[in-house]
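One structure is given below, encoded as structure tokens.
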2 protein chains.
Amino acid sequence: MRLSERKISSIMRQRGYKLTPQRRAVIKIIMGSDNHLTPEAIYQSVRDGHQNIGLTTIYRTINILSDLGLICEVHTAGSGRSYLVRRPLEHHHHLVCSGCNRVVDFSNCDLADIERKLSEGTGFKIEEHLLEFVGICPDCQQTAGT
Amino acid sequence: MRLSERKISSIMRQRGYKLTPQRRAVIKIIMGSDNHLTPEAIYQSVRDGHQNIGLTTIYRTINILSDLGLICEVHTAGSGRSYLVRRPLEHHHHLVCSGCNRVVDFSNCDLADIERKLSEGTGFKIEEHLLEFVGICPDCQQTAGT
DNA sequence: CTATAAATGAAAACTCTTTTCTTTTGTAAC
DNA sequence: GTTACAAAAGAAAAGAGTTTTCATTTATAG
């Protein structure tokens with residue numbers, strides 16, 4: 001099962017959040033993009049869609065979606081944050097195009113071995129890991145090659 | 001070979017940077033810590049050592065050290081940046097204690113397989129990766145357990 | 001339809017970082 | 001050692017990015 005606009009709306013309502021046109025617009029933009037988006041980019045997109053919205057509302061909505069685990073943050077982006085709808089609901093990671101910001105998900109992060117070795121070697125009780133790959137997608141390779 | 005204060009100083013001088021007491025102090029603090037440190041923490045440490053310094057100078061020094069590849073940024077820290085001297089000069093990653101911020105390095109990140117599979121599956125030309133583990137170190141496990 | 005708690009938007013505040021500009025200083029050449 | 005000067009320091013201001021405040025508007029349950 002993957003998240004749809006409808007599903008996200010439903011989860012938000014369940015948790016007691018009202019579904020305002022502004023929130024719908026933010027969700028729609030995030031759902032409709034393959035790229036990771038900064039708050040500013042979401043802001044511009046919503047306004048390009050001729051909806052009025054304040055940047056404050058973008059931030060507030062992002063924070064809610066993030067708290068509910070419905071969006072993921074991309075860490076290899078520059079300064080500032082950048083978000084993406086959570087597509088696979090299971091544990092996963094991102095492969096990010098440095099050209100166009102497109103993000104591909106992958107779930108088979110085979111870190112169990114490394115994690116076990118590290119844990120044994122250091123005595124650390126490992127709680128989480130951060131793994132991201134950055135590269136250039138086929139489209140951007142072509143563009144750069146010409 | 002590992003970086004020493006002397007080595008770092010020598011590299012900086014080679015690159016045309018002057019060795020001021022302030023820079024020495026920042027290098028000494030970073031070198032002397034197993035933990036990742038925020039600019040603010042470095043600032044406090046230097047001042048605790050009874051050296052006068054401005055926060056601006058901390059930022060400028062950090063930026064130089066970072067440009068020269070002499071310090072590493074830790075990404076799993078909270079908001080804001082956090083730095084650590086570069087200990088292994090080869091490609092490596094960090095295991096970070098969420099209790100005391102201690103950082104352990106590891107070099108055998110066996111991601112070549114994952115990287116190859118990803119590259120074949122997606123057509124991306126992979127350029128870099130970000131890998132960090134977060135856990136609790138033995139000392140902090142004991143403290144928490146009592 | 002109404003009541004109300006929640007959401008919005010604008011402005012202000014806040015945090016983190018960089019820039020500007022004047023004064024000070026490390027370093028190389030004498 | 002002195003001297004000369006480009007580079008660095010420090011203070012204050014400016015600049016990003018994000019959150020808070022507060023008065024007004026609105027979604028939704030009854």
Side-chain angles (χ1 to χ4, degrees), chain A residues 5-6 8-30 36-47 49-68 70-71 73-83, chain B residues 5-6 8-30 36-47 49-68 70-71 73-83:
Chain A
E5 275 177 66
R6 190 176 303 259
I8 291 181
S9 301
S10 151
I11 291 171
M12 287 187 73
R13 205 184 276 119
Q14 271 181 358
R15 297 298 205 90
Y17 294 105
K18 289 181 181 172
L19 266 190
T20 63
Q22 290 91 338
R23 287 182 179 166
R24 285 176 199 279
V26 171
I27 294 168
K28 190 182 177 75
I29 293 299
I30 295 184
H36 58 95
L37 301 171
T38 60
E40 185 63 30
I42 296 169
Y43 179 63
Q44 292 304 336
S45 288
V46 172
R47 290 176 89 96
H50 307 96
Q51 283 240 15
N52 216 34
I53 197 169
L55 192 49
T56 310
T57 300
I58 305 283
Y59 277 103
R60 281 194 278 233
T61 305
I62 285 174
N63 287 347
I64 292 167
L65 292 171
S66 182
D67 287 348
L68 296 179
L70 302 174
I71 56 176
E73 189 172 348
V74 171
H75 297 260
T76 42
S79 69
R81 313 176 188 160
S82 217
Y83 294 92
Chain B
E5 273 176 67
R6 189 175 305 258
I8 290 180
S9 301
S10 151
I11 292 171
M12 286 186 73
R13 205 184 277 118
Q14 272 182 356
R15 298 297 207 90
Y17 293 106
K18 291 182 179 171
L19 266 189
T20 62
Q22 291 90 338
R23 287 183 178 165
R24 285 176 197 279
V26 170
I27 293 168
K28 191 183 176 74
I29 292 298
I30 295 184
H36 58 96
L37 300 171
T38 60
E40 184 63 31
I42 296 169
Y43 179 64
Q44 292 304 336
S45 288
V46 174
R47 291 176 89 97
H50 307 96
Q51 284 239 15
N52 216 34
I53 199 170
L55 192 49
T56 309
T57 300
I58 304 284
Y59 276 103
R60 281 195 277 234
T61 306
I62 285 174
N63 288 345
I64 292 167
L65 293 171
S66 182
D67 287 349
L68 295 178
L70 303 174
I71 55 175
E73 188 172 349
V74 171
H75 297 259
T76 41
S79 69
R81 314 176 186 161
S82 217
Y83 293 93

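Order of the sequence lines fixes the chain letters, A, B, ..., with proteins taken first and strands second; residue numbering starts at 1 for each chain.
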[X] side chain: which of [options] is closest?
X	options	answer
A/Asn63	D/dT19, C/dT27, D/dA9	D/dT19
A/Pro21	D/dA27, D/dA8, C/dT17	D/dA27
B/Thr56	C/dC16, C/dT19, C/dG9	C/dT19
A/Tyr59	D/dA9, C/dG9, D/dT18	D/dT18
B/Leu55	D/dA8, C/dA7, C/dT17	C/dT17
B/Tyr17	D/dT18, D/dT19, D/dA8	D/dA8

Take B/Arg81 and B/Thr38 through the test side-chain contact (heavy atoms from CB on, under 4.5 Å) and record every step on the way to the result. CA-CA 6 Å; B/Arg81 314 176 186 161; B/Thr38 60; over 6 Å; no
For the pair made of [atom1] in [X] and [atom2] in [N], what is the distance, rounded to whole Å?
X	N	atom1	atom2	result
A/Glu40	D/dT18	CD	C1'	12 Å
B/Arg60	C/dT19	CZ	C1'	9 Å
B/Tyr43	C/dT17	OH	P	14 Å
B/Asn52	D/dG10	CG	P	7 Å
A/Gln14	D/dA27	CD	P	21 Å
A/Met12	D/dA27	CE	C1'	13 Å
A/Glu73	D/dT18	CD	C1'	13 Å
B/Ile62	C/dC16	CD1	P	13 Å

Examine D/dA8: is either OP1 or OP2 under 4.0 Å from a nitrogen or oxygen in the side chain of B/Thr20? Give yes or no.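 Checking D/dA8 against B/Thr20, no side-chain N or O comes under 4.0 Å of OP1 or OP2.
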Is the phosphate of D/dG10 approached by B/Gln22 (side-chain N or O, under 4.0 Å from OP1 or OP2)?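 Yes, B/Gln22 has a side-chain N/O under 4.0 Å of OP1/OP2 on D/dG10.
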Once you round to the nearest 0.5 Å, how far does [atom1] of [X] lie from [atom2] of [Y]?
X	Y	atom1	atom2	answer
A/Leu19	A/Arg13	CG	CZ	4.5 Å
B/Tyr43	B/Ile62	OH	CD1	13.0 Å
B/Ile42	B/Glu40	CD1	CD	10.0 Å

Partner of A/Ser82 under side-chain contact (heavy atoms from CB on, under 4.5 Å), chosen from A/His75, A/His36, A/Glu73: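 One option only clears the test, and that one is A/His36.
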Nearest-nucleotide wise, let me know which of B/Arg24 and A/Arg47 is further upstream toward the 5' end of DNA chain C.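 Residue closer to the 5' terminus by nearest nucleotide: A/Arg47.
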Which residue lies more 5' along DNA chain C, comparing B/Pro39 with A/Lys18 via nearest heavy atoms: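 Nearer the 5' end of the strand: A/Lys18.
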With sugar-phosphate meaning primed atoms plus P, OP1 and OP2, does B/Arg81 contact a base, only sugar-phosphate, or nothing at under 4.0 Å between heavy atoms?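 It contacts sugar-phosphate atoms only.
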